[in-house]
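A short worksheet on the structure shown next.
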Amino acid sequence: MDLSTTYLGLKLPHPLMPGSYSQVEDLDVAKRLEDAGAAAIVMPSLFEEQITLEELHMIHQMEVHDEGHQEALSYFPKPDQFRLGPENYLEQIRKIKGAVSIPIIASLNGMTPSGWVNYARKMQDAGASALELNIYYLATNPKDTGSTVEKRAIEVLRSVKGAVTIPVAIKLSPFYSALANFARKLTRAGADGIVLFNRFYQPDIDIDKLETTPTLAFSHSSELLLRLRWLAILSGNVKASLCVTGGVHTAADAIKAVMCGAHAVQMVSALIQKGPDHLKVVLDGMKQWLEEHEYGSLKQMRGTMSLKKCPDPEAFERANYMKVLRGYRP
Ligand SMILES: Cc1cc2nc3c(=O)[nH]c(=O)nc-3n(C[C@H](O)[C@H](O)[C@H](O)COP(=O)(O)O)c2cc1C
């Protein structure tokens, strides 16, 4: 069965890969993922704050009494709370590159077009075949308009693209008022791929301590539905390749994502919960399903449920909404 796909210009034997998460920077985990058949390795993110705060901490050691710095330093994690500092991160790319023969996609996570983006070039030089740029951002400032948020993201993308020659994917949240239009703008600004979607880890509240407490819950296949809808909408409407992240746990989940237009399929929660070998279970399940349903290749299946090709495109639009609400019987 031909499961081959092209994602970010990379010719891959199939679309399955781990998404960005911390354990992947462990050489042993990276090798286990390769053994399980992963088509590529996505590294955990190097954060803008991690890069700038390390510089700030260096300054802080020299200027202990600067209160502006003190405040920023108390809120963010300290550099030693990240498993790898920026330079060690680059070193780890080199080590993983030397240990596996699949492409490595490095990940940069930030929201301002400033000096930290130089690390994009360093990641390329360390051996990354592509970059994933995660622009996780919450517009809490009432002065921020949708248009300024989009413009800033495009500026960051442009500066990263200007720093490298390898392909760059952009990982988005679903919270844009006109995502189809924004995706097209990102593609025009040079995005080679669009990764749908970031998960937001909502902080809980400790009512006794009056503190927010960070929470991390693993995903469930039900979270895939939001991604399927947007894959289906964007498929065939943007030149960038499409990747799904969020809610892929089974072969059926991965098949749905490809049917809606995904060129690549990432998994994190499932691999953390079941181990890296679970990737092979999903891959074998996909192969078996395609054979049983007499597809000639994965390519033949891709996009069959996209908005452009779907026999019932209204199923993704307002009709679905009305049907669900009107059709409910207790
Ligand atoms: C422990 C953990 C660490 C993660 N670290 C990153 C990260 O460094 N950068 C990033 O872009 N996403 C990160 N993510 C988000 C995942 O890449 C992925 O988008 C999300 O978990 C949804 O996919 P899933 O449903 O397969 O888990 C992390 C997720 C988990 C659970």
Side-chain angles (χ1 to χ4, degrees), residues 8 15-26 29-30 33 36 38 40-51 76-77 81-86 88-89 92-93 96 104-111 116 119-120 123 128 130-138 153 156-157 160 168-175 191 193-203 214-228 230-231 242-254 256-257 262 264-276 278-279 281-283:
L8 303 176
L16 284 184
M17 60 185 72
S20 176
Y21 72 106
S22 22
Q23 288 162 20
V24 178
E25 69 198 11
D26 191 319
V29 174
L33 284 162
I41 297 271
V42 184
M43 293 283 291
S45 295
L46 184 60
F47 292 86
E48 172 179 357
E49 292 81 355
Q50 208 178 334
I51 298 167
F76 284 102
Q81 286 175 284
F82 291 100
R83 280 168 36 133
L84 294 178
N88 290 338
Y89 182 98
Q92 203 59 14
I93 295 181
I96 295 178
I104 294 169
I105 302 176
S107 167
L108 261 184
N109 200 317
M111 200 45 219
W116 69 282
Y119 270 85
M123 288 172 169
L131 269 187
E132 195 174 274
L133 171 65
N134 187 334
I135 50 165
Y136 188 109
Y137 177 72
L138 208 54
V156 181
L157 171 67
V160 170
V168 178
I170 187 149
K171 186 169 176 179
L172 298 178
S173 86
F175 305 121
I194 296 180
V195 185
L196 308 172
F197 286 120
N198 260 319
R199 279 180 88 221
F200 277 74
Y201 302 99
Q202 327 286 359
T215 59
L216 193 156
F218 293 122
S219 72
H220 184 265
S221 290
S222 60
E223 287 185 34
L224 181 63
L225 305 189
L226 176 71
R227 277 92 182 157
L228 294 182
W230 281 102
L231 283 167
L242 298 175
C243 174
V244 67
T245 177
V248 178
H249 289 253
T250 65
D253 293 338
K256 289 178 196 174
V265 175
Q266 296 183 353
M267 288 191 290
V268 170
S269 293
L271 299 181
I272 296 179
Q273 288 171 305
K274 298 194 172 142
H278 185 62
L279 193 137
V281 175
V282 175
L283 183 57

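Positions are given from 1 along the sequence. All heavy atoms count here, side chains included; hydrogens, waters and symmetry mates do not. Atoms within each ligand, like the ligands themselves, are counted from 1 in listed order.
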> At the 4.0 Å heavy-atom cut-off, does A270 count as touching ligand 1?
Replying inline: no
> So do M43 and Y89 actually touch side chain to side chain, heavy atoms under 4.5 Å?
Replying inline: yes
>> Show me which atoms of ligand 1 lie under 4.0 Å from any heavy atom of M267.
In response: 26 (O)
>> For a quick test of reading the model, state the closest non-hydrogen atom pair linking H249 to S219 and the distance between them.
In response: NE2-OG, 2.9 Å
> When you measure from atom 22 (C) of ligand 1 to every protein heavy atom, which one gives the shortest distance, and what is it?
Replying inline: R199 CD, 3.4 Å
> For atom 26 (O) of ligand 1, what is the nearest protein heavy atom, given as residue, atom name and distance?
Replying inline: V268 N, 2.8 Å
>> Starting from atom 11 (O) of ligand 1, what is the nearest protein heavy atom, named by residue and atom, and what distance separates them?
In response: N134 ND2, 2.7 Å
> Which heavy-atom pair separates G19 from V24 by the least distance, and what is that distance?
Replying inline: O-CG2, 4.2 Å
>> If the cut-off is 4.0 Å to any non-hydrogen atom of S269, which atoms of ligand 1 fall inside it?
In response: 24 (P), 25 (O), 26 (O), 27 (O)
> So which heavy atom in the protein is nearest atom 9 (N) of ligand 1, and how far is it from that ligand atom?
Replying inline: S45 OG, 2.6 Å
> Is F47 close to ligand 1, meaning an N/O of one under 3.5 Å from an N/O of the other?
Replying inline: no
>> side chain to side chain contact (heavy atoms under 4.5 Å, CB included), that's the test. Do V195 and Q266 meet it? Break it down for me.
In response: CA-CA 9 Å; V195 185; Q266 296 183 353; 4.1 Å; yes
> At what distance is the nearest protein heavy atom to atom 21 (O) of ligand 1, and which residue and atom is it?
Replying inline: Y201 OH, 3.4 Å
>> Determine whether a donor-acceptor pair (N or O, by modelled atom type, separation under 3.5 Å) exists between the side chain of R227 and the backbone of T245.
In response: yes
>> Pairs of nitrogen or oxygen atoms closer than 3.5 Å, one from S219 and one from ligand 1: do any exist?
In response: yes
>> Please list, in number order, the atoms of ligand 1 under 4.0 Å from a heavy atom of G246.
In response: 22 (C), 23 (O), 24 (P), 25 (O)
> What are the two closest non-hydrogen atoms of L224 and G247, and how far apart are they?
Replying inline: CB-O, 3.7 Å
>> Side chains of L108 and W116, heavy atoms from C-beta outward: is any pair under 4.5 Å?
In response: yes
> Ring centroid separation for F200 and F175, is it under 6.0 angstrom?
Replying inline: yes
>> What protein heavy atom lies closest to atom 18 (C) of ligand 1? Include the residue and the distance to one decimal.
In response: T245 OG1, 3.2 Å
> Can you list the atoms of ligand 1 that are under 4.0 Å from a heavy atom of G247?
Replying inline: 24 (P), 25 (O)
>> Return the closest protein heavy atom for atom 12 (N) of ligand 1 as residue, atom name and distance.
In response: K171 NZ, 3.1 Å
> What are the two closest non-hydrogen atoms of L271 and L279, and how far apart are they?
Replying inline: CD2-N, 3.7 Å
> Any idea which part of H249 is under 4.0 Å from ligand 1, heavy-atom wise: side chain, backbone, both or neither?
Replying inline: neither
> Which atom pair, heavy atoms only, marks the closest approach of S45 to S107?
Replying inline: OG-OG, 2.7 Å
>> Return the closest protein heavy atom for atom 16 (C) of ligand 1 as residue, atom name and distance.
In response: S20 O, 3.3 Å
